[in-house]
Structures are given as C-alpha cells and as structure tokens.
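Just the heavy atoms: all of them, side chains too, but no hydrogens, waters or symmetry mates, feed the values below.
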Amino acid sequence: MRAVVSFVFAGCLALLCHPVQAAPLPAAERGLRLAAEVVEYECTTEGVTEKQNVQINVELTMPDDATTGRQMSIGWRGTYVTGRELRAPADGLSGVKLYAYAALTGIANLTSATGVSEPLSTVGGGQIIPLPTAVVNMKTTSSNAGTASVRPAAVNIGPLPTSPTIECEVRNVDELTAYTLTVTRDGQTSATPSPSSTSSASATAGTGSSPRPTRTVTATVTAAVPDEDDEVAPAARVAVATPIGAAATGGGGEAGPDGRMYVLAGLTISLAAGAGLLLRRRLLSR
C-alpha cells in the first residue's frame with residue numbers, strides 16, 4: 001500500500017514540476033528575425049543549352065559607417081536550398097571564383113557593388129559547386145550622400161569577372177527585401193568667401209548706397225596794389241572773396257561808396273565855376 005501511495009505521489013509531483021516551454025513565435029515575428037532570404041536564380045553555363053534553376057539563401061550585411069568618397073563593403077553570404085543547388089558542367093570546374101553583385105538605387109551615380117571570393121574547390125562534372133564559406137565583401141564607392149535601397153543581384157562563376165563560365169540572373173527581383181544603406185557626407189564644410197570677393201562686394205555696396213561728400217573750395221582773388229604814381233580807381237583796391245561754384249555776391253559792406261560819384265560831382269562844380277567866370281568876364285568888358 002505504501003508503495004502504491006509513493007508511486008502516485010511521485011507521478012503527481014512530476015506533473016506539477018514539469019518545466020514550461022516557451023510558446024513558438026508568430027510567423028510574422030519569425031520572419032523579421034531571419035537573416036537570409038531565398039533568391040531564385042536562372043543559371044546559364046557556357047556551351048550548355050539547358051539552364052538551371054537555383055535557389056540560394058542570401059544574407060546581406062550593410063555597413064554602418066558609409067561615407068562619401070571612401071570605399072565601403074556590403075557583406076554577401078549564401079547557402080543552397082536543398083535540392084536547388086548549382087552543378088558543374090560535364091567537364092567539371094577548377095581554378096574558378098564566385099563573383100557576387102548587389103543592385104543599388106536611390107543615390108545618384110551609385111548603381112552596384114561587386115565582390116569576389118577565394119578560389120573555389122575543384123569539382124567534377126555534374127557535382128554541386130560549393131559556395132564560399134567566408135563572407136564575400138562587395139565593394140563600391142559613392143560620391144553622393146543619401147539613402148540607397150540594396151538588393152541581391154547576379155552571381156557569376158569563372159576564372160575572371162569578364163569571362164564567366166556560369167552566369168546566374170535573379171528571377172524574383174520584385175519579391176526581394178530592400179536593405180537600407182545610408183551614406184553620409186565626409187568632411188562637409190561651409191564655404192567661406194575669398195577676401196577679394198568680400199572687398200568687391202563692400203566697395204560696390206558703398207558706392208551704391210552712400211552719397212559722396214560735397215567738396216567746397218574757396219579762392220581769394222586780391223587786386224594788385226599799385227605804386228603811388230599809378231592812377232587806379234578806389235574800387236580796384238578792394239579784395240573780393242567768392243566761393244568757387246557759388247553765385248558772385250559782390251564786395252558787400254567792404255566795398256564802400258562808389259568813387260565815380262565824387263569825380264562826377266567835382267567835374268560838374270568845376271564846369272559850373274568856369275562858366276560863371278567866363279560870363280562875368282564878358283560883362284565886365286562891356
């Protein structure tokens with residue numbers, strides 16, 4: 001009886017103390033946590049008519065310090081979807097590399113990034129071509145600042161980028177996630193006007209807005225002082241100060257009475273006296 005009770009007690013204790021497992025994440029949240037997405041490729045092999053439909057889980061890593069004028073790297077890493085691997089042609093492959101590309105939009109004159117892997121292992125005809133285990137750094141340089149959208153692009157395999165043996169083009173471009181790449185301007189400074197342009201601007205502003213000061217010049221004209229034997233009218237001995245550019249105002253109070261009046265009066269008196277003497281002489285002679 002005791003054994004039965006102990007067994008029942010142990011079973012109940014096990015049920016009560018069983019650890020609680022975390023509930024699975026919703027599908028939408030799981031999708032946000034995925035580091036890679038499936039890219040569908042159509043691959044053409046040189047000298048082979050038949051094309052291969054290949055699927056690769058591609059993960060792109062964006063740089064967080066991209067600046068203008070400096071080379072930046074976008075990381076590329078890929079793994080095959082089971083059953084959709086890329087296979088070598090009948091003659092096999094050796095001495096080849098993988099060339100990965102990314103398509104960029106949103107920043108002027110920045111359209112692509114290119115990366116090259118280490119040499120791939122030699123494979124026989126019809127075998128799966130291994131993908132690089134290390135991250136392939138796709139490099140590019142932007143001369144303009146801004147925000148670009150980045151998507152996985154073509155993947156080629158061959159000895160040189162200009163002579164690929166296998167070319168794989170993306171089939172589901174519109175379905176791919178657009179990664180964000182921000183490029184900031186490096187060493188941006190404000191323009192400082194040159195001294196010559198500043199001086200010219202100040203001179204032009206001063207000429208157009210400030211009136212020129214009036215310049216007044218006063219000239220003093222003095223009549224020459226004659227010798228004692230020279231006969232000069234009294235009015236000629238007066239110094240006249242006249243401002244240049246102003247109306248002639250005459251001598252004013254400095255001129256005094258006109259001397260010609262005295263001369264005329266004296267001449268009249270002399271003529272009258274002479275006429276009187278001449279008339280008296282004629283009367284006495286009778």
Would you mind listing every disulfide (SG to SG under 2.5 Å) that reaches into [range], with sequence neighbours excluded?
| range | result |
| --- | --- |
| residues 88-138 | none |
| residues 41-93 | Cys43-Cys168 |
| residues 68-139 | none |

What pairs of donor and acceptor atoms, side-chain ones from residues 137-158 against any protein atom, are under 3.5 angstrom apart with sequence neighbours left out?
from	atom 1	to	atom 2	distance (Å)
Thr140	OG1	Ser112	O	3.1
Ser142	OG	Asn144	N	3.2
Ser142	OG	Asn144	O	2.6
Asn144	ND2	Ala108	O	2.9

Student check: side-chain heavy atoms of [X] and [Y] closer than 4.5 Å:
| X | Y | answer |
| --- | --- | --- |
| Thr180 | Met62 | no |
| Val38 | Ile56 | no |
| Pro161 | Thr114 | no |
| Val116 | Val136 | no |

Please tabulate, one pair per line, all N/O donor-acceptor pairs under 3.5 Å involving side-chain atoms of residues 64-81, not counting sequence neighbours.
from	atom 1	to	atom 2	distance (Å)
Thr68	OG1	Asp186	N	3.0
Arg77	NH1	Thr133	O	2.9
Tyr80	OH	Ile129	O	2.7

*Verify, without hydrogens or angle tests, whether Gln127 (side chain) and Gly124 (backbone) share a donor-acceptor contact under 3.5 angstrom.*
yes

*Given a cutoff of under 4.5 Å between side-chain heavy atoms of I, L, V, M, F, W and Y, with clusters grown through shared members, what are the other residues clustered with Leu160?*
none

*Apart from Val48 itself, what residues make up its hydrophobic cluster when side-chain heavy atoms of I, L, V, M, F, W and Y under 4.5 Å apart count as a link, directly or indirectly?*
none

*Excluding sequence neighbours, so at least two apart, what forms side-chain hydrogen bond (donor to acceptor under 3.5 Å, both in side chains) with Thr177?*
Glu37

_Asn53: side-chain hydrogen bond (donor to acceptor under 3.5 Å, both in side chains) partners, not counting sequence neighbours_ = Arg171

Output side-chain donor-acceptor pairs under 3.5 Å for residues 83-104, partner residues at least two apart or in another chain, one line each.
from	atom 1	to	atom 2	distance (Å)
Glu85	OE1	Gly83	N	3.2
Glu85	OE2	Gly83	N	3.1
Arg87	NH1	Gly126	O	3.1
Tyr99	OH	Pro159	O	3.2

*Can you see which heavy atom on Leu176 is nearest to which on Asn172, and at what distance?*
CG-O, 3.2 Å

*Dump the intermediate steps for side-chain contact (heavy atoms from CB on, under 4.5 Å) on Tyr41 and Val58, then the final yes or no.*
CA-CA 11 Å; Tyr41 292 97; Val58 176; 3.9 Å; yes

*Taking only residues at least two apart or on different chains, which pairs with a member in residues 44-53 satisfy salt bridge (charged side-chain N to carboxylate O under 4.0 Å, His left out)?*
Glu42-Lys51

_Joint hydrophobic cluster, Val135 plus Tyr179, side-chain heavy atoms closer than 4.5 Å_ = no

